[in-house]
Engineer: 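My questions all concern the structure below.
Letters go in sequence order (proteins before strands), and every chain restarts at 1.
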Amino acid sequence: MKENYFPQEIEKKWQKIWDEGKCFKTPDESDKPKYYALSMFPYPSGKLHMGHVRNYTITDVIARFKKANGFNVLHPIGWDSFGLPAENAAMKHNADPETWTDENIAYMTKQLKMLGLSYDWDREVTTCKPDYYKWTQWLFLQLYKKGLVYKKEAAVNWCNECGTVLANEQVIDGKCWRCDSVVEKKYLSQWFIKITEYADVLLEDLDKLTGWGDNVKTMQANWIGKSHGAIFKFPVVDAPNGDVKEVPVYTTRPDTVHGITYLVVAPEYKDIEKLTTPENKQAVEEYRANARKMTEIERLSTERIKTGVPLGTHCKNPFTGEIFPLWTADYALVEYGTGAVMAVPTHDTRDYDFAKKYNLPMKVVIQNPENPSNCEKEAYIDEGVLINSGEFNGMKNTEAKKAITEKAVKEGFGEFKTQYRLRDWLISRQRYWGAPIPVVYCDKCGIVPVPEDQLPVMLPKDVDFKVVGKSPITTSPTFKDTVCPVCGGHATRETDTMDTFVCSSWYYLRYADAKNDKECFSKDKVNHWLPVDQYVGGIEHAILHLLYSRFFTKALRDCGLLNFDEPFKNLLTQGMVLKDGAKMSKSKGNTVDPDEIFENYGADTARLFILSDSPPARDFDWSDAGVEGCYKFLNRVWRLISTNQDNIKLDYKLNSSLEKSNDDLVRTVHIAIKGITNDISNDFQFNTVISKYRELVNAIYDWQAKKPNLNDEDKQVLSFAIISMIKLMSPVAVHLTEEAWHELGGEGSVHEQEWCKWDENLAKASSITLVVQVNGKVKDKIEVDEGVSDEELKATALASPKIKALTEGMTVVKTIVVPKKLVNIVVK
RNA sequence: GCUCCAGUGGCGGAAUCGGUAGACGCGUUGGACUUAAAAUCCAAUUGGGCGUAUAACCCAGUGCCAGUUCAAGUCUGGCCUGGAGCACCA
C-alpha cells in the first residue's frame, strides 16, 4: 500500500472495475427483502451541479447501507430529458435538440461515474427516447379511456417568452416558473388531465405518508385547498328578458347569509350579459374589456383597490326577502366556486373594502363580544353570536352554519358543498421537444385517439427550429397530415406535446422493468419493487412533481396497472447548497464545479464533505476550507491504514479478556458501530455519522500513541478497530475503503461485506461519570464503575467532600437518582 | 393575511426518554518539528469575575416573557425575529 493517498489514481481504477464488472446490477429475483432507493432524476442540462452531488450522494449512501444490511437494493438513474432548454439550445445553433441532449447525457454520465455512485446502469431510462415516450403516450391513452383526459376551451396561463401555455402549478407569483416573465391569460382549447377528480383522495392519503415531512404535506394540502361550505341560489327579480332565473353562489360563511347587501359576479361570468340592464350595458362591457387586458399579476394584487360596476339587476335573499343589487368586480374569480360571491361587508374584509368604496349598505349579523354594536372600522370575521338573523338569533355562528344550510336544503334553495382550490392539470405545450399527444383530428370523426399499435407517434425530424411565433413541430411537412384510424379519411395530427411533468410522473415505475418493449412495465415487477422506500430530492418539487406522481399512481391503480396507492413511502427533501449564504447560481457567480473538486481532491472527499456539515434536510453552506478539512481527514485515515498494513489481519481474533487500554478501544469501536448505525437508520443524520468517523479515527490514533511496540493482543485489537472503521466508512469513502480492503488482502469487494454488528454490553464505557447536582445545579463529577447500584451512587454522591461542604447544616429534602448517570440532592 | 419550519460560541453544527449545554469540524491563537515552507503533531478557544502565570473557584448563558418540574436547549402558554409555501379561493 502506498504511503500517500492518491485519490485520482485509485478512484479511476475502481470505477473502471465496478463499471466493467457491472458490480451494482440489481437482480429482480432474490431471497433478500427489497429496498428501493431513488433520487429525483436530473434534467440533462450540461453539467452536474453541487445540488446533484448532494442529492445523489445521500441516496447512494442509503443504498449502500441498506445493501450491507441484507437488502436487495434497487438504485437506478435516468434522464428527464424533454423540455425547453434543449429546444432553446437547438434554436440558437439550429441543431437538433436530441444531439444537444445526448451530448449532455454522455458528459453527465461520466460525471456520475466519477462520483462513484452505485447505479444499476442497465435500468437507465431516458424520457426523450421513443422506447420511453411510446409508453408515456400509451399511458395518456389509458387515462383518456378512463375519462381522465379532456380537451376544452379555457382561460389558460400563457408565457410569451416560452411561447407556450403553462399549468397552474408552473405559475409562481404570476410569473413563469422557468423564465420568470409575466404570464398572460389566453382563451385556448387545450388538453387537461382531470386531477381534480382525485382531489379528495390526494388530500386524505397525505395522512398515510408518515415518512414525509409535515412541510411538504402541508404545502400539498394548501394547494389542494379543501373547504366546506354551501351553495345558495338567489332568485333574480328583474333580469332584462327573464331567462336567467337564479344566481348560485358558493360560501364558507352560510352563517352570515342574513347580512348580504349585494352580490358580485366575475367579469367572465357566463350569464353576465343576460344579467345586465340596457342602461348599464356600456359600463359593464368596458369593465370586462379592461379586466381581460390586465395581467394576472395586476389583477391578483391584494394591494390593488377593488373596482367594480353595477349590473342594474337585483336578487332576492330567500332568507329575509330583502332585495339587493348585482355587481361585477374582478375580485370574484370565475374559476372558483360558482364564479359568483354573496357579499357580506360586515363579516368579510374584501366585501368590506368594496362596500366602503361604493357606499354599499352594511348589516351586522354576528356580534363581536368585545364591541357588540358595530363593524364601523373593519369587518368582524371571528366567531360570535347571531343577531338580525330572524329565527337564528342567539345561535353561535359555528352552529348556525349547519342550521342555516339545513334550512336552505329543506326549502330547496341551497345545498352543502365541498370545494377545492386545485384545478385540472393543463398538459398541452406548444413546443417541439416533448412527447407528442397521440390524437388526430378527423374532418368527419372529430377527435380520435391514435390506436395503441401505432405508437409511438414519433417526433418529426424535418422541422425548422428557427421558426418564430409557433411550435417548430408545425413546420414539419410530413407530420401533420395523416389518415383517420376510424374512417380512413383525411385527418391532422395534434401538434401540441405533453408537459414534461407527464413524463416524470411515472419514470420511477419504469425502473422496475426498464427494458420491457411489450408493456410500459410488468405488473408483477412494479408491484414487487414499488413503492419507493426512500425518495430523495429537492423541496422545489413539493407540489409539482410529487403531486402529479401521486395522482398518476392512483390513476394507474384505477386502470388496473398496479396495486399500490402511494408511490413514495419515505421522502427526504434535501436542503439547498449555498455558497456565502446564497444559493449557488451562475448569475451570482458563486458556483463550484464538481469536476474541479474531483480533480483536486477526489470524489471521496466531495462525498464526505457534502454530507459532513449539515443534516441533509437543511441548507448546506459550501466552504473551501471545509473541503480541505475533509481531504486532510481522508489522508489521516489513509496513513492510519498504510502505516499499519503489516499489523492488520483480516482474520483477527479478540480474547474475551483484554488489557485495559485494549478493552477501552474495543468499547470505542462498539460505541461507534452502534452510533453510526443508529444515526443512518434514524433520519439519515450523516453529519453526525461523519463526526463519529472522526471520533473513531482520533481514538485509534490516541491509542496508538501510547503503544510504541505492539504485542499480539494489540495487533488483534488494532485489526478489529481498523477493519471496522473501513467497513463503517465504506458507504461514504467508497474508493478509499475498496483500495484499503484489497491492499489488506480482502476478497471480493468491501461493498459486498456485511455491516458491522455491535455487542450491547461492549457499546458503553467501562466506567461512568456520575454527575452530582445540588438543587438541580451540577456541583461535582465522580468517576465510578459501570455496574454500581442506585444505592451506591447515592452514597458516593453524599460522601463527596464538595457536596458535604455545600450541604452542611441544611436539610436534605429529597434525593433523585437517575441510574448510571446522576444524583440530585434537594436541600433546604 | 393564512399555513409550515427554524432560532444554541467567531462559523457549520451536536446534545435517544426532560438529567454534564457547546460533541465533531472550520476558523483563530500559541507551541513542536523544519535552514525555511508545506505537510504533520500538541495545546487553548461561550462570556464575565480576571489586563501576570499556574491551579482552583464563582456567576451568567441555548431569540424574549411567563409556567410546569428535584431538574428545561428539550415540555406548556404568550410574544419577537428569520426562512419557505399559499394568497381577492368567498
Side-chain angles (χ1 to χ4, degrees), chain A residues 4 172-173 213-223 225-227 229 249-253 256 263-264 266 299-304 306 329-333 335-344 347-351 353-354 381 419-423 539-540 542-543 576 578 581 609 612-615 617-630 632-633 635-636 639 675 678-679 682 685 687-698 701 705 769-781 802 813-819 821-827:
Chain A
N4 291 315
I172 317 286
D173 291 333
D214 282 339
N215 52 346
V216 178
K217 286 195 278 186
T218 335
M219 278 161 76
Q220 291 210 355
N222 288 345
W223 188 260
K226 184 178 186 174
S227 71
V249 304
Y250 171 72
T251 181
T252 55
R253 294 298 302 271
T256 63
L263 193 147
V264 179
R299 180 155 167 196
L300 292 184
S301 165
T302 38
E303 271 96 83
R304 207 175 124 246
K306 293 181 179 29
D330 62 10
Y331 80 90
L333 305 174
E335 321 92 87
Y336 188 74
T338 62
V341 187
M342 60 177 229
V344 184
H347 305 296
D348 181 281
T349 48
R350 292 153 304 187
D351 300 342
D353 293 345
F354 193 79
I381 56 172
Q419 186 70 38
Y420 299 91
R421 219 186 59 98
L422 183 72
R423 310 286 153 80
I539 186 82
E540 67 273 17
I543 293 172
M576 286 185 300
L578 314 176
F609 177 57
S612 67
D613 266 8
S614 294
R618 250 193 260 183
D619 286 350
F620 177 91
D621 208 345
W622 183 272
S623 84
D624 296 335
V627 183
E628 198 76 38
C630 286
K632 284 181 188 174
F633 173 66
N635 273 285
R636 203 164 135 79
R639 274 199 310 279
N678 288 342
D679 283 357
N682 308 331
Q685 294 177 59
N687 54 328
T688 57
V689 167
I690 284 156
S691 65
K692 280 165 185 156
Y693 289 162
R694 291 175 184 275
E695 283 174 350
L696 176 60
V697 170
N698 290 347
Y701 268 106
T769 307
L770 170 67
V771 174
V772 188
Q773 298 180 328
V774 175
N775 289 344
K777 299 218 170 199
V778 179
K779 294 295 172 185
D780 200 8
K781 294 170 191 179
K802 277 186 198 168
V813 183
K814 203 178 189 182
T815 312
I816 291 113
V817 181
V818 181
K821 212 171 231 170
L822 173 141
V823 175
N824 187 11
I825 299 156
V826 186
V827 293

Engineer: Heavy atoms under 4.0 Å, any strand shown: does A/V818 hit a base, just sugar-phosphate, or nothing?
Structural biologist: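 If one applies the 4.0 Å heavy-atom cut-off, A/V818 turns out to touch a base.
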Engineer: Would you please test A/N222 and A/R421 for side chain to side chain donor-acceptor pair (under 3.5 Å) and show each step?
Structural biologist: CA-CA 8 Å; A/N222 288 345; A/R421 219 186 59 98; over 6 Å; no
Engineer: Would you mind calling B/rC86 syn or anti? Take O4'-C1'-N9-C4 for purines or O4'-C1'-N1-C2 for pyrimidines, and syn is within 90° of 0.
Structural biologist: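 Anti, angle beyond 90° from zero.
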Engineer: When you compare B/rG61 with B/rG25, how far apart are their P atoms, in angstrom units rounded to a whole number?
Structural biologist: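 After rounding to an integer number of Å, I get 29 Å for this pair.
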Engineer: Quick one: is B/rA14 close enough that its OP1 or OP2 comes under 4.0 Å of any side-chain N or O from A/N687?
Structural biologist: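 For B/rA14, OP1/OP2 do have a side-chain N/O of A/N687 under 4.0 Å.
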Engineer: Rounding to an integer number of Å, can you tell me how far A/N222 CG sits from B/rC4 P?
Structural biologist: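 In whole Å, B/rC4 P lies 9 Å from A/N222 CG.
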Engineer: Residues two or more places apart in sequence or in another chain: which of them pass salt bridge (charged side-chain N to carboxylate O under 4.0 Å, His left out) with A/D780?
Structural biologist: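 Result, salt bridge (charged side-chain N to carboxylate O under 4.0 Å, His left out) vs A/D780: A/K802.
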Engineer: With P as the reference atom in both, quote the distance from B/rA14 to B/rU28 in angstrom, rounded to an integer.
Structural biologist: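 These two P atoms come out 23 Å apart once rounded.
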Engineer: For nucleotides B/rU52 and B/rC59, find the distance between their P atoms and express it as a whole number of Å.
Structural biologist: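 Between the two P atoms, the distance is 24 Å.
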Engineer: Can you tell me the Watson-Crick or wobble partner of B/rC57, both distances under 3.5 angstrom?
Structural biologist: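 Paired with B/rG49.
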Engineer: Any base atoms under 4.0 Å from A/K781, or only sugar-phosphate, or nothing? Heavy atoms, all strands.
Structural biologist: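 Base contact.
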Engineer: Would you check if the side chain of A/Q685 reaches a backbone N or O of A/P615 as a donor-acceptor pair within less than 3.5 Å?
Structural biologist: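 Answer holds: no.
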Engineer: Under 3.5 Å for both donor-acceptor distances, Watson-Crick or wobble: does B/rU35 have a partner, and if so which one?
Structural biologist: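 B/rU35 is paired with nothing.
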Engineer: Please evaluate residues A/R253 and A/D348 with respect to the criterion salt bridge (charged side-chain N to carboxylate O under 4.0 Å, His left out), reporting the C-alpha separation (whole Å), side-chain torsions for both, the decisive distance (0.1 Å), and the verdict.
Structural biologist: CA-CA 9 Å; A/R253 294 298 302 271; A/D348 181 281; over 6 Å; no
Engineer: Quick one: label A/T252 by what it contacts on the DNA or RNA (base, sugar-phosphate, nothing), any heavy atom closer than 4.0 Å.
Structural biologist: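 Sugar-phosphate contact only - A/T252 comes under 4.0 Å of backbone atoms but never of a base.
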Engineer: Side chain to side chain contact (heavy atoms under 4.5 Å, CB included) for A/I825 and A/T815? Distances and angles first, verdict last.
Structural biologist: CA-CA 5 Å; A/I825 299 156; A/T815 312; 4.1 Å; yes
Engineer: Taking only the side-chain heavy atoms of A/M219 (C-beta and beyond), determine which of B/rG85, B/rC88, B/rA90 contains the nearest atom.
Structural biologist: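 The nucleotide sitting nearest to the side chain is B/rG85.
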Engineer: Could you pull out the closest heavy-atom pair between A/A332 and A/A266, with the gap in Å?
Structural biologist: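 So the two residues come closest at O-CB, 3.3 Å.
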Engineer: Could you give the distance separating B/rU35 and B/rA44 at their C1' atoms, to the nearest angstrom?
Structural biologist: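 That atom pair is separated by 29 Å.
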Engineer: Check the pair A/D621, A/D613 against side chain to side chain contact (heavy atoms under 4.5 Å, CB included), reporting the backbone distance first and the verdict last.
Structural biologist: CA-CA 8 Å; A/D621 208 345; A/D613 266 8; over 6 Å; no
Engineer: Under 3.5 Å, which N/O atoms of the protein pair with N/O atoms of nucleotides 65-75 of chain B?
Structural biologist:
unit_1, atom_1, unit_2, atom_2, d
B/rC70, OP1, A/K814, NZ, 3.3
B/rC70, O2', A/N824, ND2, 3.3
B/rC70, O2, A/N824, ND2, 2.4

Engineer: By the 4.0 Å heavy-atom rule, please label A/K802 as base, sugar-phosphate, or nothing.
Structural biologist: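 Result for A/K802 = sugar-phosphate.
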Engineer: Atom CD1 of A/I381 to atom C1' of B/rG1: distance rounded to whole Å?
Structural biologist: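 Rounded to the whole Å, the gap is 8 Å.
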Engineer: Send over the distance from A/D621 CG to B/rG83 C1', rounded to a whole Å.
Structural biologist: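 Answer to the nearest Å: 15 Å.
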Engineer: Does A/K632 reach a base, just sugar-phosphate, or nothing at all? Heavy atoms under 4.0 Å.
Structural biologist: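 Counting heavy atoms under 4.0 Å across all strands, the contact made by A/K632 is with sugar-phosphate only.
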Engineer: What contact category does A/R421 fall into here, base, sugar-phosphate, or nothing, at under 4.0 angstrom with non-hydrogen atoms?
Structural biologist: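 Answer is base: heavy atoms of A/R421 come under 4.0 Å of a base.
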Engineer: Within 90° of 0 counts as syn, otherwise anti: where does B/rG77 fall?
Structural biologist: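 In terms of base orientation relative to the sugar, B/rG77 is anti.
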Engineer: Taking only N and O in the side chain of A/S614, is any of them less than 4.0 Å away from OP1 or OP2 of B/rG13?
Structural biologist: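 A/S614 to B/rG13 OP1/OP2: side-chain N or O found under 4.0 Å.
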Engineer: Please name the nucleotide paired to B/rC2 by Watson-Crick or G-U wobble geometry with both distances under 3.5 Å, or report none.
Structural biologist: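 Across all strands, the one nucleotide that pairs with B/rC2 is B/rG85.
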Engineer: Between A/D351 and A/Y701, just flag the one whose closest nucleotide in RNA chain B comes earlier from the 5' side.
Structural biologist: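 Its nucleotide being nearer the 5' end, the pick is A/Y701.
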Engineer: Would you say A/Q685 reaches B/rA15's phosphate, i.e. side-chain N/O to OP1/OP2 under 4.0 Å?
Structural biologist: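 A/Q685 to B/rA15 OP1/OP2: side-chain N or O found under 4.0 Å.
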Engineer: For A/R253 and for A/A625, find the nucleotide of RNA chain B with the closest heavy atom, then tell me which residue's nucleotide is more 5'.
Structural biologist: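 Going by which nucleotide is closer to the 5' end, it is A/A625.
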Engineer: Both distances under 3.5 Å, Watson-Crick or G-U wobble: report the partner of B/rC70, or none.
Structural biologist: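 Base partner found: B/rG19.
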Engineer: A/W223 side chain: which of B/rC4, B/rC86, B/rU20 is closest?
Structural biologist: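 Within the option list, the nearest is B/rC86.
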Engineer: Roughly how far apart, to the nearest Å, are B/rC64 and B/rU81 at atom C1'?
Structural biologist: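 Those two atoms are separated by 10 Å.
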Engineer: Step through it carefully: locate the ring centre of A/F620, locate the ring centre of A/F609, and say whether they are under 6.0 Å apart.
Structural biologist: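 So the answer is yes for these two rings.
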Engineer: Nearest whole angstrom, please: distance from the P of B/rA14 to the CG of A/D613.
Structural biologist: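 Distance check: A/D613 CG to B/rA14 P gives 10 Å.
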Engineer: Looking at B/rA14, I'd like to know if its phosphate oxygens (OP1 or OP2) sit under 4.0 Å from a side-chain N or O belonging to A/R618.
Structural biologist: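 Answer yes for this pair, as a side-chain N or O of A/R618 is under 4.0 Å from OP1 or OP2.
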Engineer: How long is the line joining CZ of A/F354 and C1' of B/rA90, in whole Å?
Structural biologist: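 Between C1' of B/rA90 and CZ of A/F354: 14 Å.
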Engineer: Which whole-number value in Å describes the distance from A/E540 CD to B/rG83 P?
Structural biologist: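 That distance rounds to 19 Å.
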Engineer: Looking only at atom C1', what distance separates B/rA84 and B/rU29, rounded to whole Å?
Structural biologist: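 My reading of the C1' atoms in B/rA84 and B/rU29 gives 40 Å.
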Engineer: Taking atom C1' of B/rC5 as reference, at what distance in whole Å does atom CD of A/Q220 sit?
Structural biologist: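 Between C1' of B/rC5 and CD of A/Q220: 17 Å.
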Engineer: Would you say the side chain of A/D214 lies within less than 4.5 Å of the side chain of A/K217, judging by non-hydrogen atoms?
Structural biologist: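 A side-chain contact under 4.5 Å exists here.
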Engineer: Below 4.0 angstrom from OP1 or OP2 of B/rC24, is there any side-chain N or O of A/Y693?
Structural biologist: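 For A/Y693, the contact criterion (side-chain N or O under 4.0 Å from OP1 or OP2 of B/rC24) is not met.
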Engineer: Under 4.0 Å, heavy atoms only, any strand: does A/N678 hit a base, just the sugar-phosphate, or nothing?
Structural biologist: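 No contact at all - A/N678 keeps every heavy atom at 4.0 Å or more from the nucleic acid.
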Engineer: Could you give the distance separating B/rA56 and B/rC65 at their C1' atoms, to the nearest angstrom?
Structural biologist: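 Result for the C1' pair: 37 Å, nearest Å.
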Engineer: Distance check, P atoms only: B/rG83 and B/rG12, in whole angstrom units.
Structural biologist: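 After rounding to an integer number of Å, I get 16 Å for this pair.
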Engineer: What is the separation between atom CG on A/N215 and atom P on B/rU3, rounded to the nearest whole Å?
Structural biologist: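 So the two atoms are 16 Å apart, to the nearest Å.
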Engineer: Measure the shortest side-chain to side-chain distance between A/F633 and A/S612 over non-hydrogen atoms and say whether it is less than 4.5 angstrom.
Structural biologist: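 No, their side chains stay 4.5 Å or more apart.
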